[in-house]
Amino acid sequence: MPFHFHKRITLVPKLLHLNVGPHGWSLTLGGRRAHLTRDSHGRHGMAVRLPGGFVWRRRVRRRR
């Protein structure tokens, strides 16, 4: 049975969170309806909750 560690730390209530796990960290900016995320590997993402239980997600890729 594998174990998984994940911790969410609130930096600014209802706005900015630091998520820490076994593979690194990520910052989440936004609330329940829409948020932006950046992780320790440099990846960016966004998500928006839509009416009816749908979620629109997008991973943003940076060109080098």
Side-chain angles (χ1 to χ4, degrees):
M1 174 184 198
F3 290 97
H4 178 75
F5 172 77
H6 182 85
K7 180 67 177 171
R8 182 175 179 166
I9 302 166
T10 302
L11 301 175
V12 178
K14 297 186 180 182
L15 182 64
L16 183 63
H17 303 279
L18 174 66
N19 306 298
V20 181
H23 300 290
W25 56 268
S26 67
L27 284 172
T28 302
L29 176 66
R32 289 180 158 251
R33 288 283 179 199
H35 65 267
L36 301 170
T37 303
R38 179 174 179 161
D39 66 10
S40 60
H41 304 289
R43 294 180 294 222
H44 299 263
M46 62 181 82
V48 177
R49 286 188 182 193
L50 302 172
F54 296 100
V55 178
W56 178 77
R57 291 183 183 163
R58 175 93 188 227
R59 177 137 316 195
V60 180
R61 296 182 184 203
R62 291 176 40 190
R63 297 183 185 202
R64 293 182 183 199

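Each of Val55 and Leu50 belongs to its own hydrophobic cluster when Ile, Leu, Val, Met, Phe, Trp and Tyr are linked at side-chain heavy-atom distances under 4.5 angstrom.
When side chains are defined from C-beta on, Val60 counts as touching Met46, because their heavy atoms get closer than 4.5 Å.
Residue pairs meeting the salt bridge (charged side-chain N to carboxylate O under 4.0 Å, His left out) criterion with at least one partner in residues 39-58, sequence neighbours excluded, are Asp39-Arg43.
Nearest heavy-atom pair across Gly24 and Ser40 is CA-OG, 3.6 Å.
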### Task
Please report the C-alpha distance between Leu15 and Leu29 in whole Å, then the side-chain angles of each, then the deciding distance to 0.1 Å, and finally whether the side chain to side chain contact (heavy atoms under 4.5 Å, CB included) criterion is met.
CA-CA 6 Å; Leu15 182 64; Leu29 176 66; 3.9 Å; yes
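For the side chain to side chain donor-acceptor pair (under 3.5 Å) test, residues two or more places apart in sequence or in another chain that qualify with His17 are Arg8, Thr10. With sequence neighbours excluded, the residues satisfying side chain to side chain donor-acceptor pair (under 3.5 Å) with Thr28 are Asn19. Remark: Leu18 engages Ile9, Leu11, Val20, Trp25, Leu27 in a side-chain contact (heavy atoms from CB on, under 4.5 Å) (not counting sequence neighbours).
For the atom pair NE2 (His44) and OG (Ser26), the distance works out to 12.0 Å, reported to the nearest 0.5 Å.
More than 12 heavy atoms of other residues, nucleotides or ligands sit less than 6.0 Å from atom NE2 of His6.
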